[in-house]
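Note: hydrogens, waters and symmetry copies are ignored here, and every other heavy atom, side chains too, is used. Just so you know, these numbers come straight off a predicted model, no measurement behind them. Order of appearance sets the numbers: ligands from 1, and atoms from 1 within every ligand.
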Amino acid sequence: MGRMAKERADFLVIANRLPVDRVVHPDGSISWRKSPGGLVTALEPVMKLRGGAWIGWHGASDEDLSEFEHDGLRLVPVPLSESEVEEYYEGFSNATLWPLYHDVVVTPEYHREWWDAYVRVNLRFATKAAELAAENAVVWVQDYQLQLVPQMLREMRPDLRIGFFLHIPFPPKELFQQLPWRRQILEGLLGADLVGFQMPGGAQNFTQLVRQRVGHRTARDTVFLPDGRVVLARAYPISIDAAGFEQLSRTPEVIARAQEIRDSLGNPRHVMIGIDRLDYTKGLPQRLRAFGELISDGTIDVDDAVFVQVATPSRERVMQYRKLRDDINQLVGRINGDVGRIGQQPIQYLHASFPREEMAAMYRAADVMVVTPLRDGMNLVAKEYVATRWDDRGALVLSEFAGAAAELKQAFKVNPHDINGMKSVMLEAMRSNAVDLRKRMRALRKQVMENDIDKWADCFLTDLASVGESGQSGSDD
Ligand code: GDG
């Protein structure tokens, strides 16, 4: 085989970001570090297992890098200009689509220049993939930033098998229809052979919109295109490398560090922990208010409980995220000021990101893990917590509005909009007896350990390989 042919890939993942962040050391040298966030957590083990190449932006603007290897992964950077970062990434992706797809938790902004940049950048990703993909390769496009890529790529390379997976919720039609470019997005996604969603509801929203807005015939999870091609729309609830996470949490270093964390908190009766990207979808203010009120109204004593909230810095140049950061600072300051005592800050707030080992130690240190998004595609933090509880101890408080709630049935469920409800469920989780907690945790662990990320990828890729084969053409709904 010639050199060119060898460089082409049979399996390609395309995501907005490469799975690494650049670190500049004091001596000026640079290295790359795995970046936090759900998509990376999920796909990194898949890529390590299957090989192939990962196409994505490397995180800095106005810089054209050639491909490189990191930790066994073949990484292919796509450049973005400063204005594209503003208009395609911070603008259309994170100030239009992100809030629209998360139930308009904040108001989405619609700007035509942002859309133009979104089209331009999607075309750049598609072109790069078209160059790199071997004949008949499998290309797996990821997430809301790249919804036009499937169609663009199919036009350039009809030989490819194209899958798409949306990591965030796909909204109901009442919301999606706000989008001035709704039809283009639907048609963009229909370029894929298989469109994957976290939840069955997302897949149904999509096929319904395709029927109504694009006018294609659909039957259950199948869309029939006029040219005879079929597209499947199905749910694949994403997961984690559950065994790997459990293994990490069993190491003597992590176990010792978990104890050290509890000691440094003064060994209170209840250690509650929240870990999230600092995002307005994650319901941080609501849970901190609920916890603060439990102390201020005397239900729990400030000596008995500590809430550690880790908020990983995220999208810091987007206005809504800066505002959220200020709001949380203020809220934490107010609660600690109102109910704290000397040496007793009931909320320990950390605006920082941590290595995986430290995350595992925090999960091990938490009696109660509090996960209360207002809307979340899945939520991997909830699953990671469960994976580290190999002694069947600990309690998970989980929002009904996280995709994970459908699978993690034995969690303590909350409606994050209902502060009183949240207070009583948090209290129930704190006060439950060991037998009840163990029963719940066993069931949660069975679910998470049996449905890991390998299974998720296998299901998706097996279905992707078989789209269009006989047996899938159903009748009209
Ligand atoms: C999107 C969807 C969906 C966080 N801080 C640090 C860190 N993390 C890791 C966690 C976890 C991941 O980031 C966060 O994943 P989530 O699923 O909770 O949330 P999103 O980032 O919003 O992910 C979500 C996901 O995609 C996958 O499809 O579940 O619904 O919104 O793995 O551990 N990791 C490290 N340091 C940190 O400080 N090392």
TODO: Kindly determine whether Arg257 and Glu253 satisfy salt bridge (charged side-chain N to carboxylate O under 4.0 Å, His left out), including the steps that lead there.
DONE: CA-CA 6 Å; Arg257 176 65 190 142; Glu253 294 77 17; over 6 Å; no
Task: Minimum-distance protein heavy atom relative to atom 35 (C) of ligand 1 - done: Phe354 O, 3.1 Å
Task: Residue, atom name and distance, where the atom is the protein heavy atom closest to atom 19 (O) of ligand 1 - done: Lys282 NZ, 3.1 Å
Task: Trace of the side-chain contact (heavy atoms from CB on, under 4.5 Å) decision for Met362 with Phe354 - done: CA-CA 10 Å; Met362 288 190 269; Phe354 295 93; 3.8 Å; yes
Task: Under-4.0 Å heavy-atom contact with ligand 1, by part of Val381 that carries it - done: both
Task: Leu166 CG to Gln147 CD distance, which is reported to the nearest 0.5 Å - done: 6.0 Å
- [ ] Give the intermediate values and the outcome of side-chain contact (heavy atoms from CB on, under 4.5 Å) for residues Thr312 and Asp276.
- [x] CA-CA 6 Å; Thr312 310; Asp276 311 78; over 6 Å; no
- [ ] Starting from atom 14 (C) of ligand 1, locate the nearest protein heavy atom and write down its residue, its atom name and how far away it is, to 0.1 Å.
- [x] Gly38 N, 3.5 Å
TODO: May I ask you to check whether Ala42 has an N/O atom sitting below 3.5 Å from an N/O atom of ligand 1?
DONE: no
TODO: Could you verify whether a donor N or O on one side chain and an acceptor N or O on the other, from Glu82 and Ser61, lie under 3.5 Å apart?
DONE: yes
Task: Intermediate values then yes/no, salt bridge (charged side-chain N to carboxylate O under 4.0 Å, His left out), Arg22 and Glu63 - done: CA-CA 13 Å; Arg22 180 163 36 200; Glu63 187 185 35; 2.7 Å; yes
Open item on the list: Go through it in stages, so that I can follow the logic: the residues are Phe245 and Arg356, the test is side-chain contact (heavy atoms from CB on, under 4.5 Å), and I'd like the CA-CA distance, side-chain angles, deciding distance and then a yes or no.
Closed with: CA-CA 9 Å; Phe245 228 87; Arg356 237 163 76 89; 3.3 Å; yes
Open item on the list: Any atom of ligand 1 sitting under 4.0 Å from a heavy atom of Trp98?
Closed with: yes
Task: SB check Arg322 Glu316 (cutoff 4.0 Å) - done: no
Open item on the list: I'd like to check which ligand 1 atoms, numbered from 1 as shown, lie under 4.0 Å from a non-hydrogen atom of Glu384.
Closed with: 10 (C), 11 (C), 32 (O), 33 (O)
- [ ] Look at atom 13 (O) of ligand 1 and say which protein heavy atom is nearest, naming residue and atom and giving the distance to 0.1 Å.
- [x] Gly37 N, 3.0 Å
Open item on the list: Among all the protein's non-hydrogen atoms, which is closest to atom 29 (O) of ligand 1, and how far away is it?
Closed with: Asn379 N, 2.9 Å
Open item on the list: Polar contacts were defined as any N/O atom of the residue lying under 3.5 Å from an N/O atom of the ligand; does this apply to Met378 and ligand 1?
Closed with: yes
TODO: May I have all residue pairs that pass salt bridge (Lys or Arg N to Asp or Glu O under 4.0 Å) and include part of residues 239-249, sequence neighbours excluded?
DONE: Glu246-Arg250, Glu246-Arg445
Open item on the list: Is the contact between Arg277 and ligand 1 made by the side chain, the backbone, both, or neither, using heavy atoms and a 4.0 Å cut-off?
Closed with: side chain
Open item on the list: What protein heavy atom lies closest to atom 18 (O) of ligand 1? Include the residue and the distance to one decimal.
Closed with: Leu380 N, 3.4 Å
Task: Lys/Arg N to Asp/Glu carboxylate O, Asp463 vs Arg234, below 4.0 Å - done: yes
- [ ] Could you tell me which atoms of ligand 1, counted from 1 in the order shown, lie closer than 4.0 angstrom to a heavy atom of Thr312?
- [x] 4 (C), 5 (N), 6 (C), 37 (C), 38 (O)
Open item on the list: Looking only at protein heavy atoms, which one is nearest to atom 28 (O) of ligand 1, and what is the separation?
Closed with: His167 ND1, 2.7 Å
Open item on the list: Would Phe412 and Ser432 count as a side-chain contact (heavy atoms from CB on, under 4.5 Å) here? Give the steps.
Closed with: CA-CA 11 Å; Phe412 292 87; Ser432 281; 3.5 Å; yes
TODO: Only heavy atoms count here, so choose which of Asp376, Asp276, Ile168, Ile275 is nearest to atom 30 (O) of ligand 1.
DONE: Asp376
Open item on the list: I'd like to check which ligand 1 atoms, numbered from 1 as shown, lie under 4.0 Å from a non-hydrogen atom of Gly377.
Closed with: 30 (O)
Task: Identity and separation of the nearest protein heavy atom to atom 8 (N) of ligand 1 - done: Met359 CE, 3.6 Å
TODO: Output the list of atoms in ligand 1 that are nearer than 4.0 Å to some heavy atom of Thr41, sorted by atom number.
DONE: 11 (C), 12 (C), 32 (O)
Task: Axial cation check for Trp140 ring with Arg161, 6.0 Å and 45° limits - done: no
Open item on the list: Under a 4.0 angstrom heavy-atom cut-off, which atoms of ligand 1 come close to Ile238?
Closed with: 27 (C), 28 (O)
- [ ] Decide ring pair (Phe, Tyr, Trp, His ring centres under 6.0 Å) for His70 and Phe68; before the verdict, give the C-alpha distance in whole Å, the side-chain angles of both, and the deciding distance to 0.1 Å.
- [x] CA-CA 7 Å; His70 175 80; Phe68 60 99; 7.4 Å; no
Open item on the list: Looking at ligand 1, is there an atom of it that comes within less than 4.0 Å of some heavy atom belonging to Gln198?
Closed with: yes
Open item on the list: Closer than 4.0 Å to some heavy atom of Arg356 - which atoms of ligand 1 meet that?
Closed with: 39 (N)
